[in-house]
Amino acid sequence: MGSFHPGVDAYIEALPDWQQPICREVRALVHAADREVTEAIKRTNRPYFVLQGNICALLAAKDHVNVFLYDGAMVPDPEGIITAGRDNQTARTVAVRQGEAINAPALSAMLRRIIANNRAGGWRRLKRESDSLPGS
């Protein structure tokens, strides 16, 4: 069974009213993706969601909430929810602005894929293995 971290509660509760529900929804989606997900506070105060490696992190900015997906740009984004870092080697971003709805089905699919990749050794290992295949 996964676990919740009181530091994540404190982070969310300190945010402006419009950012709190976004963070709570992302948190719920990550835990729904796999019941073994755990939470941690890293980089002083940033909420991370982990399971055999980082899955994602939250960072509230002035006019949006960033969801950093730690997938090494391996997970497909057929619905185009990635807003920044498309070619980033470590993490890509889904920014959610005030009044915007989260594309929960698309984000959930990506979270489940990141978790599956983590369980299979992590995106770095999977990338190395795919790069070493003949014809790569």
Side-chain angles (χ1 to χ4, degrees):
M1 185 78 143
S3 66
F4 292 83
H5 190 288
V8 176
D9 292 318
Y11 181 88
I12 293 171
E13 289 165 9
L15 296 175
D17 288 344
W18 69 268
Q19 290 180 327
Q20 291 179 27
I22 294 169
C23 291
R24 287 187 184 109
E25 182 176 359
V26 171
R27 184 185 206 185
L29 291 171
V30 179
H31 283 281
D34 193 298
R35 53 181 289 176
E36 293 183 19
V37 168
T38 60
E39 299 177 350
I41 296 293
K42 299 183 182 185
R43 301 179 186 248
T44 308
N45 69 346
R46 192 166 307 155
Y48 274 72
F49 301 90
V50 296
L51 179 56
Q52 296 182 20
N54 291 333
I55 302 164
C56 66
L58 293 173
L59 177 62
K62 183 177 180 180
D63 64 349
H64 62 281
V65 173
N66 283 317
V67 181
F68 294 99
L69 299 175
Y70 288 92
D71 70 339
M74 286 187 69
V75 174
D77 179 24
E79 298 199 37
I81 66 171
I82 298 296
T83 56
R86 284 177 180 77
D87 298 319
N88 190 305
Q89 295 301 304
T90 304
R92 298 181 293 170
T93 305
V94 176
V96 183
R97 299 189 186 288
Q98 187 171 5
E100 289 180 345
I102 295 172
N103 183 335
L107 182 57
S108 293
M110 293 181 84
L111 294 168
R112 285 191 302 273
R113 187 76 178 268
I114 292 167
I115 291 167
N117 288 349
N118 285 359
R119 288 184 184 278
W123 65 263
R124 286 179 176 88
R125 176 179 170 197
L126 295 173
K127 247 186 190 175
R128 271 194 314 273
E129 290 173 358
S130 72
D131 288 347
S132 66
L133 293 174
S136 298

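Residues Phe68 and Leu59 come closest through the heavy atom pair CE1-CB, 3.6 Å. The heavy-atom pair separating Lys62 from Gln19 by the smallest distance is O-NE2, 4.2 Å. Here the closest non-hydrogen pair linking Ala60 and Tyr11 is N-OH, 2.8 Å. Across all their heavy atoms, Cys56 and Val67 have their closest contact at CB-CG1, 4.2 Å. Heavy-atom minimum distance, Asn66 versus Ala95: OD1-CB, 3.7 Å. Among all heavy-atom pairs drawn from Leu126 and Ala120, the shortest one is CD2-O, 3.9 Å.
Side-chain atoms of Lys42 never come within 3.5 Å of backbone atoms of Pro47 as a donor-acceptor pair (strictly under, hydrogens ignored).
By the side-chain hydrogen bond (donor to acceptor under 3.5 Å, both in side chains) test, Arg124 is found to be paired with no residue, residues two or more places apart in sequence or in another chain being considered. Remark: Arg27 pairs with Phe4, Val8, Asp9, Ile12, His31, Glu39, Phe49 by the side-chain contact (heavy atoms from CB on, under 4.5 Å) rule, at least two apart or across chains. Applying the side-chain hydrogen bond (donor to acceptor under 3.5 Å, both in side chains) rule to Arg43 yields the partners Tyr48; only residues at least two apart in sequence or on another chain are considered. In this view, Pro78 and Pro76 satisfy the side-chain contact (heavy atoms from CB on, under 4.5 Å) rule, not counting sequence neighbours. Applying the side-chain hydrogen bond (donor to acceptor under 3.5 Å, both in side chains) criterion to Gln20, with sequence neighbours excluded, gives Arg24.
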* Asked: Under the side-chain contact (heavy atoms from CB on, under 4.5 Å) criterion, do His5 and Ile41 qualify, and how do the steps go?
  -> CA-CA 8 Å; His5 190 288; Ile41 296 293; 3.6 Å; yes
* Chi angles and distances behind the side-chain contact (heavy atoms from CB on, under 4.5 Å) call for Val37, Val50 -> CA-CA 6 Å; Val37 168; Val50 296; over 6 Å; no
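With contacts defined as side-chain heavy-atom distances shorter than 4.5 Å, the pair Ile22/Glu100 does not qualify.
Rounding to the nearest 0.5 Å places OG1 of Thr90 at 12.5 Å from CG of Leu69. Atom CG of Leu29 is separated from atom CD1 of Ile102 by 6.5 Å, given to the nearest 0.5 angstrom.
Both Trp18 and Val94 belong to a common hydrophobic cluster when Ile, Leu, Val, Met, Phe, Trp and Tyr are linked at side-chain heavy-atom distances under 4.5 angstrom.
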Could you go through residues 109-118 and list every donor-acceptor pair under 3.5 Å that involves a side-chain atom there, pairing it with any protein atom two or more places apart or in another chain?
unit_1, atom_1, unit_2, atom_2, d
Asn118, ND2, Leu51, O, 3.1
Asn118, ND2, Gly53, O, 3.3
Asn118, ND2, Asn54, O, 3.2

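Ion pairing of Arg92 with Asp77 is absent here, as no side-chain N (NZ or NE/NH1/NH2) approaches a carboxylate O to less than 4.0 Å.
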